[in-house]
Number of protein chains: 2
Amino acid sequence: MSKILNTSHCNQCVYRTWAFNKLDQEALSLINQHKTEVFYRKGEVICRQGENIAHFLYLRKGLVKLLTTEKNDREHIISIGKPLDFIGLLSIFSKQQHAYTITAIEDSVVCFVEIDVLKQLMAQNGEFALDFLEKSSRVADDVIATRLNINTKQLRGRIAYILMFFSSHIYNAMAFELPVSRKEIAQLIDMSTENVIRILSEFRKDGIIEIEGKLIKILDYQKLQKVYDLG
Amino acid sequence: MSKILNTSHCNQCVYRTWAFNKLDQEALSLINQHKTEVFYRKGEVICRQGENIAHFLYLRKGLVKLLTTEKNDREHIISIGKPLDFIGLLSIFSKQQHAYTITAIEDSVVCFVEIDVLKQLMAQNGEFALDFLEKSSRVADDVIATRLNINTKQLRGRIAYILMFFSSHIYNAMAFELPVSRKEIAQLIDMSTENVIRILSEFRKDGIIEIEGKLIKILDYQKLQKVYDLG
DNA sequence: TGTCATACCTGATATATATCATAAGATTTT
DNA sequence: AAAATCTTATGATATATATCAGGTATGACA
């Protein structure tokens with residue numbers, strides 16, 4: 001079960017010099033008073049699509065997925081969020097309800113900051129607001145670019161993308177343990193689970209990767225890059 | 001050819017009560033001094049992917065498309081922008097170069113506001129910045145939601161979406177003239193030109209629409225909605 | 001310890017969609 | 001006004017991808 005943590009002060013937070021570098025000590029203290037830090041075990045739901053938005057969410061540790069559920073109760077994954085990624089996405093500021101469900105795909109620590117406090121600080125401090133605008137723009141831009149990218153590629157290119165994504169963006173290593181199932185990969189890059197498995201096997205046969213369950217080892221990054229570029 | 005217009009004062013602009021409602025007269029005058037209004041004929045390029053960003057773009061009149069060109073010089077349309085839509089998208093604040101090319105698909109008037117002036121005003125005026133953040137969030141959110149939506153639907157659903165989009169979001173009418181070619185529709189909703197044409201024909205045979213070249217008349221909106229919902 | 005469910009894997013088949021081919025209007029260019 | 005080019009159109013074919021079916025392995029759970 002998720003549990004509320006003994007809250008550490010914002011001064012110690014990884015976000016301090018990132019999202020909050022334009023804030024003075026007084027402002028940080030205000031945020032500190034209006035935040036809650038929660039630990040989630042892998043698989044737990046952090047917030048649900050449709051729920052009222054009362055907080056801005058900072059992912060301090062771990063990995064999460066943003067997803068929507070469609071009528072045919074098929075889940076569709078929008079993106080994977082890592083610390084410093086502004087996991088609330090922008091819907092936080094433009095909508096009353098959460099547009100997406102967020103769940104932990106690794107043990108995670110999320111900080112809930114009351115959104116009214118954040119808005120108040122922005123209204124008072126234009127530099128902070130502008131900085132925040134720039135940072136959140138980047139998140140949305142990335143999501144849009146990624147979605148476009150995935151759509152224009154076919155299956156092999158998409159799998160190549162996902163492997164490169166985990167390798168360079170998330171773990172920064174050639175060998176890593178996939179934090180998601182084949183099914184979740186399928187939901188993320190718009191293809192069937194069977195084909196995710198099939199193409200991973202193809203890559204193995206082609207000598208691009210080594211597979212052992214969730215453990216992936218990239219043997220030939222150049223070749224992977226080429227597959228990606230070809231689409 | 002595009003031409004610079006005799007600039008009217010920002011007081012008269014449609015954006016004044018929209019994006020600029022948090023600004024006082026002094027700030028508006030500053031913007032007024034640092035803007036240029038340009039008329040573009042249908043088909044002309046407003047800005048190019050890769051160009052340095054120096055201005056925020058307001059579409060005062062007309063209709064534009066945002067697109068990227070891929071290696072195989074195929075064009076991909078990200079979205080259609082109408083007045084009040086923040087056509088610069090968010091890349092304006094997170095990047096140094098334009099991420100997309102923008103071209104006029106109808107005769108258009110675009111206002112170029114120096115971005116440094118805008119940033120300066122935001123830094124000075126938190127309320128303005130926050131307001132701006134909320135409004136631009138909505139644009140990015142819409143694009144993301146639309147892209148996801150299109151991907152999850154198959155051809156008939158996508159064509160239904162496009163017809164509903166022009167009918168309700170752009171023209172607010174059951175009969176309208178498509179401002180784009182079948183090929184451009186294909187580039188916007190990720191399908192082949194031939195299939196765009198084919199499925200429009202199907203819809204005609206099904207009694208959903210009437211077609212006469214670019215003129216479209218929706219005969220049965222309910223049925224169209226049903227096709228859309230089915231995916 | 002065994003049963004149940006879930007994740008992985010692979011082959012065969014079905015289906016949606018792209019591509020190719022061809023042709024008749026439109027538009028633009030010369 | 002003729003030539004050239006683009007858009008719309010439709011049928012035939014190819015192909016990418018999903019679906020279905022049958023496995024084994026893996027982990028949860030009683």
Side-chain angles (χ1 to χ4, degrees), chain A residues 41-44 65 70 72-77 103 105 150-163 177-206 209-216 227 230-231, chain B residues 1 41-44 65 70 72-77 103 105 150-163 177-206 209-217 227 230-231:
Chain A
R41 202 166 280 289
K42 178 178 174 161
E44 287 187 300
K65 62 175 175 181
E70 289 152 40
N72 34 347
D73 61 52
R74 282 173 74 151
E75 288 183 353
H76 199 238
I77 299 178
T103 72
I105 55 179
I150 287 173
N151 298 344
T152 56
K153 296 200 179 297
Q154 45 197 63
L155 304 193
R156 288 175 64 90
R158 290 185 221 168
I159 293 291
Y161 164 78
I162 266 297
L163 292 174
E177 193 178 330
L178 276 176
V180 291
S181 67
R182 314 290 199 259
K183 187 179 170 188
E184 284 171 309
I185 292 178
Q187 291 167 343
L188 178 56
I189 57 180
D190 281 325
M191 53 193 280
S192 70
T193 307
E194 292 94 326
N195 279 333
V196 171
I197 294 165
R198 218 185 302 271
I199 286 164
L200 282 172
S201 291
E202 278 181 35
F203 282 11
R204 179 172 43 72
K205 284 170 198 155
D206 294 349
I209 56 172
E210 220 173 77
I211 311 177
E212 204 176 319
K214 295 219 183 285
L215 240 81
I216 300 281
V227 171
L230 281 174
Chain B
M1 273 299 286
R41 201 166 281 289
K42 178 176 173 164
E44 287 186 300
K65 64 176 175 182
E70 290 152 40
N72 33 349
D73 61 51
R74 283 173 73 152
E75 287 184 353
H76 199 238
I77 299 178
T103 72
I105 56 179
I150 287 173
N151 299 343
T152 57
K153 296 201 180 297
Q154 44 197 66
L155 304 193
R156 288 174 64 90
R158 290 186 222 167
I159 293 291
Y161 164 78
I162 266 298
L163 292 174
E177 194 178 333
L178 277 177
V180 290
S181 67
R182 314 291 198 259
K183 186 179 172 188
E184 284 172 307
I185 292 178
Q187 291 167 343
L188 179 55
I189 57 180
D190 282 325
M191 53 192 279
S192 70
T193 308
E194 292 94 325
N195 278 334
V196 171
I197 294 164
R198 220 185 300 271
I199 285 163
L200 282 172
S201 292
E202 278 181 35
F203 281 11
R204 178 171 43 71
K205 284 171 198 154
D206 295 348
I209 57 172
E210 223 171 77
I211 310 176
E212 205 177 317
K214 295 220 184 283
L215 240 81
I216 301 281
K217 191 172 176 182
V227 172
L230 280 174

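Counting heavy atoms from C-beta outward, B/R158 and B/D190 have side chains that approach closer than 4.5 Å. Looking at B/M191 and B/I199, their side chains come closer than 4.5 Å, going by heavy atoms from C-beta outward.
In this structure, the NZ atom of B/K214 is 14 Å from the P atom of D/dC6, given to the nearest Å. Taking atom CD1 of B/I159 as the reference point, atom C1' of D/dA9 lies 14 Å away to the nearest angstrom. The NZ atom of A/K205 sits 5 Å away from the P atom of C/dT10 (whole-angstrom rounding). The distance from atom CZ of B/R182 to atom C1' of C/dG25 is 13 Å, rounded to the nearest whole Å. For the pair B/I197 CD1 and C/dA18 P, the computed distance is 13 Å after rounding to whole Å. Going from atom CZ of A/F203 over to atom P of C/dT10 covers 14 Å, rounded to whole Å. Regarding A/E177, its CD atom lies at a distance of 11 Å from the P atom of C/dC8, rounded to whole Å. With rounding to whole Å, B/I216 atom CD1 is found 12 Å from D/dT8 atom C1'.
Atom CG of residue A/L155 and atom CD of residue A/E202 lie 9.0 Å apart, to the nearest 0.5 angstrom. With rounding to the nearest 0.5 Å, the separation of CD1 in A/I211 from CG in A/L178 is 9.0 Å.
Within the nucleic acid shown, B/S201 comes within 4.0 Å of sugar-phosphate atoms alone, with no base atom in reach, counting heavy atoms only. Among the heavy atoms of the strands, none lies under 4.0 Å from A/R156. Contact annotation for A/S181: backbone-only contact, meaning every heavy-atom pair under 4.0 Å involves sugar-phosphate atoms and none involves a base.
The side chain of A/Q154 has D/dA16 as its nearest neighbour among D/dA12, D/dA16, D/dA21. Looking at the side chain of A/E194, the nearest of the listed nucleotides D/dT17, D/dT19, C/dA18 is D/dT19. Out of D/dT10, D/dT8, D/dC20, the shortest distance to the side chain of B/R198 is found at D/dT10. Nearest to the side-chain atoms of A/M191 among the listed nucleotides D/dA18, C/dC8, D/dT8 stands D/dA18.
Between the side chain of B/R204 and the base of D/dT8, no donor-acceptor pair of N or O atoms lies under 3.5 Å.
Listed pair A/N195 / D/dA18 meets the phosphate criterion, a side-chain N or O lying under 4.0 Å from OP1 or OP2.
Ionic pairing of B/D206 and B/R156 is present here: one or more N-O contacts between side-chain nitrogen and carboxylate oxygen are shorter than 4.0 angstrom.
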